[in-house]
Every structure is written in structure tokens, then in C-alpha cells.
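Read through the structure below, which is laid out as C-alpha cells, and then see the notes.
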Amino acid sequence: MSYLTWSDIICLNNNYDIRLEYFGGILYKKNENKLFFLNKVASNIIFLTQYSLSVKEIALALKGSIEDNDLLEFLEHLYVNNIVIKSHEKGDVNKALNALNNERTFVDELNYLSAPLEVFLNITWNCNLRCSFCYLKAPRTVRRPLLNLNEIKSLIDELVEMKVSLLTLTGGEPFLNAFMTLETLKYARKKGLAVTITTNGLLIDENIAKTLAEYNVSVQISLEGSKAEVHDSLTGLKGSFEKAIKVIKMLRKMGVDVTVSTVLQRDNVDDISDMIPLLKELDVYTWNILELKPIGRGCIASTLPTNIRLKILDELEKRAKDEHPKLRILAERPFFFIYYKINLSNEWEKLFTRCGVRAGRYSEISPDGYVYPCDLLMSSDDNLIAGDLRKQTFRDIWHNSPLLKWFRSPESKDFRGICRSCIYFDVCGGKCRALALTIFRDILAPDPRCPLVEGVNLNVS
């Protein structure tokens with residue numbers, strides 16, 4: 001059965017956005033905050049549908065890159081899945097071609113994403129907890145006055161223009177500045193950005209919860225154990241567990257999407273499996289299991305060796321299938337390709353294997369408007385600042401920062417140790433520079449978690 005004819009005019013459904021990238025492109029489904037990674041031909045086709053062209057015009061525009069029958073089959077697949085729809089308005093084919101050529105020429109010269117997938121905006125570095133593992137060592141001071149609401153709105157406008165898909169409001173504890181957090185999320189949602197808030201939950205009352213539900217905001221709340229004695233000992237505040245549980249129940253009752261985050265470490269490893277029945281009881285379907293980094297208040301003695309951590313994650317996923325089948329476990333698995341002996345050849349697979357700074361997956365913004373490569377590098381060292389939003393646009397920083405350019409173009413010969421001759425360097429790119437800097441006091445040293453690095457205590461139980 002045919003759904004489209006050559007004369008049909010089609011356009012991209014408003015619920016989708018397309019972004020060209022050096023490896024092809026990214027299709028973003030807005031209402032579900034889902035990303036689909038495409039090759040160049042597929043992304044070029046979908047890019048052209050933004051301009052309300054006929055099927056025949058798209059075929060002529062892409063002549064030589066795809067056969068007509070294959071193009072029609074692909075477009076019908078998009079149509080059946082409501083990614084493209086029929087349109088009565090005719091677009092300008094020359095405008096569409098010029099836009100495609102200009103954008104493709106630009107992104108093909110990059111070795112990183114044309115814009116981050118996610119931007120982390122730290123609303124404040126103040127915090128009402130004193131977690132023993134906090135990489136930020138919050139509360140901490142800022143260098144100058146915080147970004148005001150107009151500055152944040154200008155930033156959001158730019159992120160929308162660059163087709164960033166997700167804004168995460170974080171801290172510190174963002175609800176210590178509830179006005180700024182709520183006004184920021186309202187503006188971002190009105191502009192079409194998906195918004196996540198990371199919080200300990202202690203300051204969320206019914207009024208805040210209603211706003212989060214009204215604006216369809218996702219909330220990530222930290223639970224460091226399945227019981228108060230574990231959680232409270234790690235957060236440094238008695239009663240924080242019971243309050244977090246109460247808030248999660250309130251949010252879920254209002255229909256707010258809640259993710260629970262847990263920093264897996266020696267002090268909660270014996271309790272970690274008991275989190276699964278708790279999450280089921282709380283009606284939580286996403287569990288973000290974070291890796292403790294020995295940065296800030298985090299200490300090496302509390303970390304788990306990578307191989308043991310991977311084994312625990314595998315066991316948790318197996319248990320979840322039996323006890324909470326709908327639970328989705330998110331977790332960083334550094335060097336999994338070595339441990340599991342997996343060959344990664346696709347560029348988009350490498351995109352999520354390499355350090356996020358190198359790949360350009362995210363960006364970190366301090367409360368006072370400085371852009372950093374990542375959260376683990378937000379120190380007092382001026383050399384680790386990628387840019388200043390009060391002097392530059394975010395786009396300018398993203399594409400022209402000398403620091404970000406250095407992170408994105410590492411060569412094995414520039415590194416020290418095993419990285420210089422490692423067969424996996426193209427896959428991992430040396431992985432985490434923050435850990436190398438912290439453990440070895442050398443940003444060019446290997447990632448201390450790498451199983452190929454000898455004599456490193458992060459991989460010794």
C-alpha cells in the first residue's frame with residue numbers, strides 16, 4: 001500500500017526537530033525527549049522536509065545519494081510513524097537546498113557535536129546538605145554576582161536557536177533559589193526546551209510540585225540508600241531520607257516524571273540491591289546510578305574498582321528484570337568495551353563512549369556565568385574556564401574556545417603512559433581528564449580507572 005505520491009508536499013511534524021552533525025544527524029522527538037541518530041543521507045532527507053517540499057523535489061535535490069524507490073520507501077516510513085505529515089503549503093526548494101548545503105558544509109568540518117545535547121545550568125552553589133561524596137564540595141562561593149533572569153533568558157534563547165534538546169537546572173541545591181529556578185524552567189519550557197531539575201528534594205513543597213507538574217518538568221532526586229540510616233549518614237542530615245521519600249510520593253501522585261539518582265560507593269554497596277523494591281513501591285521507573293569520583297569531598301577510599309562496579313551493575317539489571325521489569329537503569333560504564341570485549345566502529349557509538357567534553361555532549365555553566373568543560377573541572381583554576389557569558393555568546397564559546405578545542409582534538413602522542421600507544425585511543429580518547437588531573441596531578445596522564453594502566457589504586461579492591 002502506498003501512502004505518498006511524488007507530487008505530495010510533506011513537512012516535518014512540529015513535535016520533531018532535526019540537527020545535522022558531522023556523522024549524519026540527530027532527530028529529536030520533543031514530547032518524549034528522545035534522540036535518534038541518523039546517517040548523512042537520512043538526516044539530509046529529513047532536513048529538507050522542514051521546508052515543505054514535494055517528494056519529487058526532495059528526490060531531485062538528493063539525486064545521486066539515494067535511489068528514488070529507496071527514498072520513497074524511507075519517506076513513507078516517516079509518514080506512517082507521523083514524523084512527517086502532508087502539507088498544503090509549498091516551500092522554496094532553492095532556500096531549502098542552500099540551507100542544507102550551508103549547514104552540511106559547516107558540520108562536516110567539525111569533530112564534535114554542533115551544539116551540546118544537554119546544558120547544565122548551576123542555579124546556585126549553596127546547599128542544605130553536606131554529602132560526604134560531593135565533587136563540588138558544596139556549599140562553595142562564586143567569583144562574582146550571579147546571572148540575573150534576563151541573562152538566563154538570553155542564554156535560553158541561544159540554546160533554542162542552536163537546537164539544544166535538554167536544559168538541566170542543578171547546583172548546589174537549586175531550590176535554595178526557588179524563584180530563579182521556577183522562572184527559568186517556566187521560560188525554558190515556553191521556548192520548547194525539555195527541562196530536568198536535579199535536587200535533594202528537601203525544599204519542594206506542594207506549590208512547587210504543582211508548578212513542576214504544570215510545566216511537565218522531570219525531576220531527579222537523590223536517594224543514597226534504601227533506608228534512613230544509610231542515606232542520612234551520607235548526606236549528613238538526619239531526616240533527609242524520610243523527607244525525600246515524602247516528596248517523591250507527592251510528585252508521582254501529581255504525575256511528575258521522577259528519576260532517582262544514587263552514587264554507588266563502598267558505604268552503600270551492601271544496601272544497593274534493596275533500592276529496587278523501594279523504587280517499585282515509589283512508582284519510579286528510572287534509576288540513575290552514578291559513579292563516585294574522588295574529587296571535592298569524594299575520597300579514593302570510598303570508590304569501587306571499575307570491574308567490581310560493572311559486576312554490581314550487571315547484577316542489579318538482572319534483579320530488576322525480575323522484581324521491577326519496567327525499571328530503566330542508567331549508569332556510566334567506563335571502559336566497558338575492554339571489560340566486555342566489544343568492538344565499537346560506529347561514530348555515534350563512540351560519541352557516548354568518549355569523554356562527553358571531547359564528544360561535545362554537554363556543557364556546564366556556573367551560577368555566575370562561566371562556561372566549564374564539565375562539572376568535575378569547575379575548580380578555582382582560571383585555565384579550566386572555557387568562556388564567560390558576560391563577554392561572549394554561548395555559540396562563540398562552544399565553537400571557538402581554545403580550551404574546548406584542545407579537549408576535542410586529543411592525539412595519543414600528546415598523552416603520557418599507555419595512552420600513547422593504546423589501540424583503544426580512538427574509541428575512548430583518553431577518557432576522563434578530570435580524574436587524571438586529580439589523581440596524577442597531570443591532565444595528560446591516563447584515566448586512572450583504565451584496566452590497562454598499571455599500579456593505579458582506583459582499580460584495586
Side-chain angles (χ1 to χ4, degrees), residues 1-108 110 113-118 159-167 188-195 216 346-349 351-352 361:
M1 178 178 179
S2 297
Y3 297 93
L4 296 174
T5 66
W6 292 103
S7 60
D8 280 332
I9 298 170
I10 55 176
C11 64
L12 188 63
N13 187 323
N14 285 333
N15 190 40
Y16 289 86
D17 212 345
I18 180 69
R19 220 173 79 184
L20 300 187
E21 299 293 349
Y22 67 95
F23 56 80
I26 299 172
L27 182 67
Y28 175 51
K29 190 174 184 180
K30 299 176 185 177
N31 65 339
E32 297 181 17
N33 194 27
K34 285 186 177 179
L35 302 174
F36 303 91
F37 294 85
L38 311 170
N39 62 29
K40 287 188 177 183
V41 174
S43 56
N44 287 351
I45 293 170
I46 296 176
F47 184 92
L48 289 174
T49 66
Q50 298 176 105
Y51 294 86
S52 296
L53 304 180
S54 70
V55 174
K56 184 176 182 180
E57 285 175 325
I58 295 174
L60 291 172
L62 298 174
K63 200 74 175 176
S65 62
I66 185 172
E67 297 294 328
D68 287 352
N69 289 338
D70 292 335
L71 171 66
L72 187 58
E73 182 180 351
F74 180 65
L75 287 175
E76 289 195 332
H77 171 77
L78 297 178
Y79 179 74
V80 169
N81 287 280
N82 204 33
I83 297 172
V84 299
I85 58 177
K86 291 182 181 180
S87 173
H88 298 295
E89 296 184 8
K90 178 71 172 61
D92 186 332
V93 64
N94 290 324
K95 179 180 178 181
L97 281 174
N98 287 335
L100 174 62
N101 291 333
N102 290 339
E103 188 69 13
R104 177 55 67 195
T105 298
F106 173 70
V107 300
D108 281 354
L110 306 179
L113 291 174
S114 62
L117 301 178
E118 181 175 9
L159 299 182
V160 171
E161 184 183 341
M162 293 177 71
K163 297 188 177 181
V164 172
S165 53
L166 176 61
L167 176 66
R189 292 298 293 132
K190 287 177 180 177
K191 288 291 184 174
L193 270 177
V195 175
N216 193 25
N346 293 331
E347 192 61 32
W348 46 88
E349 289 178 334
L351 187 72
F352 287 90
R361 294 199 309 269

Determine, stepwise, if the pair I9 / H88 fulfils side chain to side chain contact (heavy atoms under 4.5 Å, CB included). CA-CA 7 Å; I9 298 170; H88 298 295; over 6 Å; no
Can you confirm whether N14 is buried at CG, in the sense that more than 12 heavy atoms of other residues, nucleotides or ligands lie under 6.0 Å from that atom? no
Does the plane of the ring in F37 sit parallel, tilted or perpendicular to the ring in F23? Use 30° and 60° as the thresholds. tilted
Examine distances only and state if a side-chain atom of R104 and a backbone atom of Y22 form a donor-acceptor pair shorter than 3.5 Å. no
What distance separates L27 CG from L12 CG, expressed to the nearest 0.5 Å? 7.0 Å
Under the criterion side chain to side chain contact (heavy atoms under 4.5 Å, CB included), I'd like the reasoning laid out for D8 against Y3: C-alpha separation, chi angles, the key distance, then a yes or no. CA-CA 10 Å; D8 280 332; Y3 297 93; over 6 Å; no
Roughly how far, to the nearest 0.5 Å, is CG of L38 from CG of L20? 9.5 Å
On a heavy-atom basis, the closest approach of I18 and S43 is CG1-O, 4.1 Å
Spacing of OH belonging to Y51 relative to CD1 belonging to I58, to within rounding of 0.5 Å: 12.5 Å
Gap between atom CG of D108 and atom CD of E21 - 0.5 Å precision: 10.5 Å
Say you draw a straight line from NZ of K30 to CG of L193; how long is it, rounded to the nearest 0.5 Å? 10.0 Å
L351 side chain near L113 side chain, heavy-atom distance below 4.5 Å: yes
Checking R19 side chain against K163 main chain: does a donor-acceptor pair fall under 3.5 Å? yes
More than 12 heavy atoms from other groups under 6.0 Å of NZ on K95: no
Closest heavy-atom pair and its distance - Y28, A194: OH-CB, 3.5 Å
For K40, does the NZ atom have more than 12 heavy-atom neighbours from other residues, nucleotides or ligands under 6.0 Å away? yes
Given side chains that start at C-beta, do those of L117 and I26 come closer than 4.5 Å, heavy atoms only? yes
Atom CD of E32 with >12 non-hydrogen neighbours under 6.0 angstrom: yes
Are the side chains of I83 and T49 in contact, using a 4.5 Å heavy-atom criterion? no
Using 30° and 60° as the class limits, which term best fits the ring planes of H77 and F74: parallel, tilted or perpendicular? parallel
Does atom CG of N69 have more than 12 heavy-atom neighbours from other groups under 6.0 Å away? no
Can you tell me how far CG of L48 sits from CD of E57, rounded to the nearest 0.5 angstrom? 10.0 Å
For K34, is the NZ atom crowded, meaning more than 12 foreign heavy atoms sit under 6.0 Å from it? no
Check: Y16 main-chain N/O paired with N13 side-chain donor or acceptor under 3.5 Å: no
Can a donor-acceptor pair be found, under 3.5 Å and without considering hydrogens, that links the side chain of N15 to the backbone of N31? yes
Taking the side chain as every heavy atom from C-beta outward, state whether M162 and S114 have any atom pair closer than 4.5 Å. no
Under the side-chain contact (heavy atoms from CB on, under 4.5 Å) test against L4, which residue among L78, I10, V80 passes? I10
Run S65 and N44 through side chain to side chain contact (heavy atoms under 4.5 Å, CB included) and show every step you take. CA-CA 10 Å; S65 62; N44 287 351; over 6 Å; no
When you compare the side chain of L166 with that of N33, does any pair of heavy atoms fall below 4.5 Å? yes
Is a side-chain donor or acceptor of S54 paired with a backbone partner of S7 at a separation under 3.5 angstrom? no
